[in-house]
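Heavy-atom basis, side chains included; hydrogens, waters and symmetry copies ignored. All values derive from a computational prediction rather than experimental measurement. Letters A, B, ... are given to chains in the order of the sequence lines, protein chains preceding strands, and every chain is numbered from 1.
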Amino acid sequence: MSVLTEAPVDLTPSQSDDRTDSQLLEVSMGPQHPSTHGVFRMDVALDGERVVKLKPVFGYLHRNHEKIAETESYLGCMPYTDRLDYICSITNNWAYALAVEKLAGIQVPERAEYLRVITGELTRLQNHAGLVGFLMQDMGASGTPLMYAFREREKILDLFEALTGARMMCNYMRFGGCRVDAPAGWLQQAQKVIDAFPRFLDEFERLLVSNEILMARTQGVGVVSREQAVNAGISGPMARASGVNYDLRKVDKYGIYDRFSFRVPLGENGDVYDRYMLRVLEMRESVEILKQAMRDVPSGPIMDPNTKTRGFRPKAGEAYGRIEGPKGELGFYLISDGSSNPYRFRVRPPSLINLTLLEDMCLGQNVADIVIILGSVDIVLGEVDR
Amino acid sequence: MIGEGILKGLAETARNFFGSYVNKDRLTTVQFPEERLPQIEATRDFPFLVYDGTDWQQGLRCVSCQICEKECPPKCIYIEKSKDKKPDATGKPQSYPTTFNIDISVCMSCQICVEVCPFDAIKMDVAFELSTDDRFGGLLLNREQLAKSNEYYNKIHPTEAAAVDAAFAEERAKAEAKARQAAEAKAAAAAQTLTPGAGETTRVQ
Ligand code: SF4
Ligand code: SF4
């Protein structure tokens, strides 16, 4: 979609409108500062307060990730995946590692699988905590809920820093395992954070879940029906909020997810409120998974001894590795021609595909609802634009 | 009752506000330049070159094998190899880099150079207050700016550095033992040539 060649929005009001002195107003929302929802613009045509047309414009953060990856070694692609969805670098690493492991038929040792689940679910916790905080911020609850959420998120980021060296650009996984083992005392520290997390969730629920303003703003707003969600290929919490029972942790059971018992929360109405509540409930289930994983984590090696990271050349072939990322189905499609670089490197970004229904969700809503609808989709522009 | 949910929420914020006077957990802000959090051991930001001893030019561990230059994903390392050789950490004569530049405005702190270096010569630093008003020259670090002592490395990453030092010590011990053995063998061989026939009894493995 080209911004330049597309005809401008037609500002003539529809014939059925009996007012003769009115015309549509075109508003360009964004591009915003990266600390909101990223550099993303919406060209909105408004009839009074009502949205009659919405055109998303993105690409401001395009970095040519997929093409760069074709010139990098398989190892060299790993740190670039951190920068896709920069909130959840570890799950990005995981999806890419999974794709390469499928491509080359690599086995991952037990302990590494557990470390992957632990760090992956911690990533989900911090992503969802950040998201519900930002959603409240979008609704006008400036500061307080976001800061409470960030306070918790920071504890998890500290854990990541102690393990991987970086808060957000973790570059943690390798094909055949993980880069480093948990340092002494890390698991105990993680256990503390996990045990304290439900307290934050209780607090957050008391703070907001029964809040009348929140309900008035979110219930019945930005509805996605079950059929729409399935037809648009939406995945993750967005799809589950519309009642689509699709969670790759249950469907694919990648890694060792068949060993944990957890429930998949489902929404009914597919509105912003359901999407918000679903994330709160998912955090509770993640805590359950984490408790089981922390209990069972074995000792042992963390890297497959037969896999070398440097000079890695998988045999020719193709593979698609996918995981249930915090935002939805994150997949990497790789084609290898036997050389040390991928021949083709393609990312299936959940943020971008979940964003495709934005106009359908916003039509007929008020202009102030656009922001919270966008917030409830949970996008990161690093992944949308790549 | 309408408004009940809002009141409940306000009670929660009040609990946090008053709680912040008694509970340290609720008061998480760190007043940054005055107060600082302790450094986490695994922290990394940009790479530096380790040298042993006191003279950075003599002690630089880097042998200029250029593996890191090749593996660095954004290609921000530039190395020129020397023509002559100098003894390295274990005493073997090795090349050294006459130029070693890292453009830290391009570096993405991925640590891959550290992972692939077979000589433990490049490690991750923790210094983060690096802002400069010269965005080209100021962020292109040369050999001298990159060189930091092994003591510094030991200070910022104690566990990791201790393991590296132990490995080096072992290697040096092995090299010494080998050298000693070689010397003994030489001596024995010399003795053999002086007194023919004695070689059968003083064979050295
Ligand atoms: S830092 Fe290490 S990998 Fe890079 S050139 Fe020097 S010895 Fe080789
Ligand atoms: S940390 Fe990564 S980007 Fe920076 S110099 Fe090393 S390999 Fe290159």
Side-chain angles (χ1 to χ4, degrees), chain A residues 68-69 71-73 75-80 82-83 136 141 143-145 147-148 150-152 154-155 157-172 174 179-180 182-186 196 199 202-216 308-311, chain B residues 1-17 19-20 23 25-30 37-47 65 67-68 70-76 107-118 123-126 128 156-160 163:
Chain A
I68 287 176
T71 66
E72 288 290 345
S73 66
L75 171 65
C77 296
M78 188 61 89
Y80 283 106
D82 286 344
R83 279 114 182 127
M136 294 306 126
T144 310
M147 285 306 135
Y148 287 6
F150 266 39
R151 183 187 64 201
E152 296 311 308
E154 204 57 37
K155 290 179 192 158
L157 294 186
D158 277 349
L159 282 179
F160 287 169
E161 186 171 350
L163 179 64
T164 70
R167 294 164 70 247
M168 289 169 79
M169 300 297 129
C170 296
N171 185 14
Y172 181 52
R174 293 286 176 265
R179 179 161 57 83
V180 283
W186 188 85
R199 248 209 336 269
D202 294 341
E203 178 187 43
F204 208 76
E205 282 190 19
R206 278 200 302 273
L207 182 67
L208 282 167
V209 169
S210 57
N211 187 309
E212 288 83 357
I213 302 175
L214 178 115
M215 294 206 222
K308 47 177 187 173
T309 43
R310 228 188 101 220
Chain B
M1 190 192 76
I2 201 149
E4 201 182 316
I6 297 177
L7 287 178
K8 256 200 224 161
L10 284 175
E12 200 54 45
T13 46
R15 197 172 11 241
N16 265 286
F17 174 65
S20 68
N23 188 347
D25 277 355
R26 291 196 195 270
L27 194 66
T28 44
T29 311
V30 177
L37 290 172
Q39 184 226 316
I40 295 177
E41 196 181 329
T43 303
R44 63 181 145 97
D45 49 27
F46 295 111
C65 66
I67 291 175
C68 55
K70 190 161 151 278
E71 292 288 330
C72 169
K75 305 276 180 283
C76 64
C107 171
M108 57 178 180
S109 309
C110 64
Q111 209 177 4
I112 282 183
C113 48
V114 176
E115 249 178 277
V116 297
C117 176
K123 293 289 168 195
M124 292 311 264
D125 206 347
V126 294
F128 57 91
I156 57 174
H157 302 304
T159 323
E160 196 188 296

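Legend: residues meeting side chain to side chain donor-acceptor pair (under 3.5 Å) with A:Arg83, ordered by chain and number and at least two apart, are absent. Listed by chain and number, the residues in a salt bridge (charged side-chain N to carboxylate O under 4.0 Å, His left out) with B:Arg44 amount to none (sequence neighbours excluded).
Of the residues considered (A:Met215, A:Glu161, A:Met169), A:Glu161 shows the highest number of contacts with chain B, using heavy-atom pairs under 4.5 Å. Of the listed residues A:Met147, A:Glu205, A:Glu203, the one with more heavy-atom pairs under 4.5 angstrom with chain B than any other is A:Glu203. Residue with the most contacts toward chain B among A:Val180, A:Asn171, A:Leu163: A:Asn171 (heavy-atom pairs, distance under 4.5 Å).
Taking CG from B:Asn16 and CZ from A:Arg151, the interatomic distance works out to 5.0 Å, rounded to the nearest 0.5 Å. The distance from atom CD1 of B:Ile112 to atom CZ of A:Arg179, rounded to the nearest 0.5 Å, is 9.0 Å. Between A:Met78 atom CE and B:Glu115 atom CD the span is 9.5 Å, to the nearest 0.5 Å. In this structure, CD1 on B:Ile40 lies 9.0 Å from CZ on A:Arg167, to the nearest 0.5 angstrom.
Proximity to chain B is absent for every atom of A:Phe204, based on heavy atoms less than 4.5 angstrom apart. Heavy atoms closer than 4.5 Å to chain B are found nowhere in A:Asp82, neither backbone nor side chain. Of the atoms belonging to A:Cys170, it is backbone heavy atoms, and not side-chain ones, that fall under 4.5 Å from chain B. At a 4.5 Å heavy-atom cutoff, A:Ile68 makes no contact with chain B through either its backbone or its side chain. Neither the backbone nor the side chain of B:Leu10 comes within less than 4.5 Å of any heavy atom of chain A.
In this structure, B:Lys75 and A:Glu72 have side chains that are in contact, with non-hydrogen atoms separated by less than 4.5 Å. When side chains are defined from C-beta on, A:Tyr80 counts as touching B:Pro74, because their heavy atoms get closer than 4.5 Å.
The shortest heavy-atom contact between B:Gln111 and A:Thr164 is OE1-O, 4.4 Å.
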